[in-house]
There are 2 protein chains.
Amino acid sequence: MARRQFIAHKAAQLAAVCRERGIPLTVQRRTVMEVLAGRADHPSVEQVHDAVKERIPGVSLTTVYRVLEVFVQFGLVQKIDDPGAKGRFDADVSRHPHARCVSCGRIVDVEAAELPGIDLPMAQVEDFTLFDYTINYLGHCRRCR
Amino acid sequence: MARRQFIAHKAAQLAAVCRERGIPLTVQRRTVMEVLAGRADHPSVEQVHDAVKERIPGVSLTTVYRVLEVFVQFGLVQKIDDPGAKGRFDADVSRHPHARCVSCGRIVDVEAAELPGIDLPMAQVEDFTLFDYTINYLGHCRRCR
DNA sequence: ATAATTGCAAATAGTTTGCACCTAC
DNA sequence: GTAGGTGCAAACTATTTGCAATTAT
């Protein structure tokens with residue numbers, strides 16, 4: 001899906017969720033969603049905040065934290081794995097692998113099409129009921145190579 | 001491998017690495033390794049610290065942080081993926097999937113034997129040179145179900 | 001002997017919370 | 001009008017750093 005379309009799609013999804021749940025669709029929520037859907041680099045809260053500030057000069061970092069938390073709760077956004085301390089977010093909630101540069105921490109999507117065999121069987125784990133999985137590739141990006 | 005054996009194996013590995021690199025094999029390092037190798041629950045730094053304190057009453061949390069960092073650098077231990085803020089550690093550095101309870105955060109190993117098709121192909125990602133991957137299953141553990 | 005590690009205290013980074021004011025519905 | 005959201009400042013949690021004292025080799 002093209003970026004423009006994806007942004008529109010997520011904006012519509014957000015509007016629908018707000019209507020359904022009866023919660024307000026604020027400028028902050030709309031803008032955070034548009035910013036996050038508009039980029040493929042899985043930004044941290046601070047990076048989202050920086051980008052949102054360009055459109056809403058007074059937004060607080062706190063609000064961005066809260067908005068992203070709500071988005072994750074409603075399944076609109078996923079918080080991705082990162083052994084570093086920072087939370088990183090992805091507006092694409094489909095099951096797809098990520099590749100992380102172990103040197104600079106950059107994270108990019110891996111197209112599922114590039115990965116035959118991506119449909120892992122659900123593992124058997126004693127005492128756990130599993131419903132999903134994530135795959136993370138590790139490597140070095142061009143700049144860090 | 002049985003737990004006792006695994007602990008001995010990691011202790012020996014640590015001793016070898018210290019000899020090779022010419023760095024001191026301190027009580028703290030030995031104890032942290034024995035504690036971490038002795039448990040399968042992928043503890044946080046604080047949990048390791050608590051356990052180490054029982055054997056070395058005065059250890060500082062700082063030291064545990066530093067020891068674990070050195071272990072990761074030398075490939076003796078891996079820091080595992082966790083979208084939460086805390087660092088979690090695993091003395092088993094072999095490539096094996098983890099299962100995480102999304103409710104309480106408990107993390108357990110998934111036996112590779114239980115998972116046909118675990119050998120994922122290395123993905124093609126533009127501009128990235130990949131050398132490894134991680135797999136994380138998500139679910140609910142018995143207590144949280 | 002000496003180079004490295006440790007423990008303490010203080011600093012920093014990331015995130016969360018309480019509360020008064022504001023806004024979408 | 002009202003429930004819920006937002007911004008600010010302060011609190012908290014996880015982690016890191018500077019430095020003097022200690023320890024492994």
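Here is the naming used below: chain letters follow the sequence lines, and residue numbers restart at 1 for every chain.
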**Request:** Write down the distance between NE2 (B/H49) and P (C/dG7), rounded to a whole number of angstrom.
**Result:** 8 Å
**Message:** Closest-nucleotide mapping onto DNA chain D: is B/E46 or B/T62 further toward the 5' terminus? I mean the 5' end.
**Reply:** B/E46
**Prompt:** OP1 or OP2 of C/dT5 less than 4.0 angstrom from a side-chain nitrogen or oxygen of B/R29, does that happen here?
**Reply:** yes
**Request:** Check whether any side-chain N or O of A/Q28 sits under 4.0 Å from OP1 or OP2 of D/dG7, and answer yes or no.
**Result:** yes
**Prompt:** So, does the side chain of A/R21 form a donor-acceptor pair with the base of D/dG4 at under 3.5 Å?
**Reply:** no
**Message:** In whole Å, I'd like the distance from the CD atom of A/E20 to the P atom of C/dC25.
**Reply:** 15 Å
**Complete:** B/E69 CD to D/dA14 P, in whole Å, measures 18 Å
**Message:** Please report the distance, rounded to the nearest Å, between CD in A/Q47 and P in C/dA13.
**Reply:** 16 Å
**Request:** Please examine the side chains of A/H140 and A/V102, heavy atoms only from C-beta on, and report whether any two atoms are closer than 4.5 Å.
**Result:** yes
**Asked** CG/B/L36 to CG/B/D92 distance, rounded to the nearest 0.5 angstrom?
**Response** 10.0 Å
**Prompt:** Could you state the CG-P distance from A/L14 to D/dG5, rounded to the nearest angstrom?
**Reply:** 12 Å
**Request:** Check whether any side-chain nitrogen or oxygen of A/Y65 sits under 4.0 Å from OP1 or OP2 of C/dT16, and answer yes or no.
**Result:** no
**Asked** Whole-Å distance between D/dG5 C1' and A/L68 CG?
**Response** 15 Å
**C/dG7 phosphate, OP1 or OP2, under 4.0 Å from B/S60 side-chain N/O** = yes
**Prompt:** If only atom types and distance count, is the side chain of A/R88 paired as donor or acceptor with the main-chain N or O of A/H42 below 3.5 Å?
**Reply:** yes
**Request:** Identify which nucleotide among C/dG14, C/dT5, D/dT15 has an atom closest to any side-chain atom of B/L61, counting heavy atoms from C-beta outward.
**Result:** D/dT15
**Asked** Hey, do the aromatic rings of B/H49 and B/Y65 have their centres closer than 6.0 Å?
**Response** no
**Asked** Are A/F74 and A/I80 connected in a single hydrophobic cluster, I mean Ile/Leu/Val/Met/Phe/Trp/Tyr linked by side-chain heavy atoms less than 4.5 Å apart?
**Response** no
**A/R100 with B/D81: basic N within carboxylate O range, under 4.0 Å** = yes
**Complete:** Checking C/dG14, C/dG7, C/dT15 against the side chain of A/V45 (C-beta onward), the nearest is C/dT15
**Item:** Any N/O donor-acceptor pair, A/R66 side-chain to D/dG4 base, under 3.5 Å
**Value:** no
**Asked** What does A/G58 touch in the nucleic acid at a heavy-atom separation under 4.0 angstrom: a base, only the sugar-phosphate, or nothing?
**Response** sugar-phosphate
**Request:** Output yes when at least one side-chain N/O atom of B/T63 is less than 4.0 Å from OP1 or OP2 of C/dG7, else no.
**Result:** yes
**Proximal nucleotide (of C/dG7, D/dG5, D/dA14) relative to the A/I23 side chain** = D/dG5
**Complete:** Taken to the nearest whole Å, CD/B/Q73 to C1'/D/dT16 is 14 Å
**Complete:** A/R88 atom CZ is separated from C/dA13 atom P, nearest whole Å, by 18 Å
**Minimum-distance nucleotide to A/T26 side chain [options: C/dA24, D/dA9, D/dT6]** = D/dT6
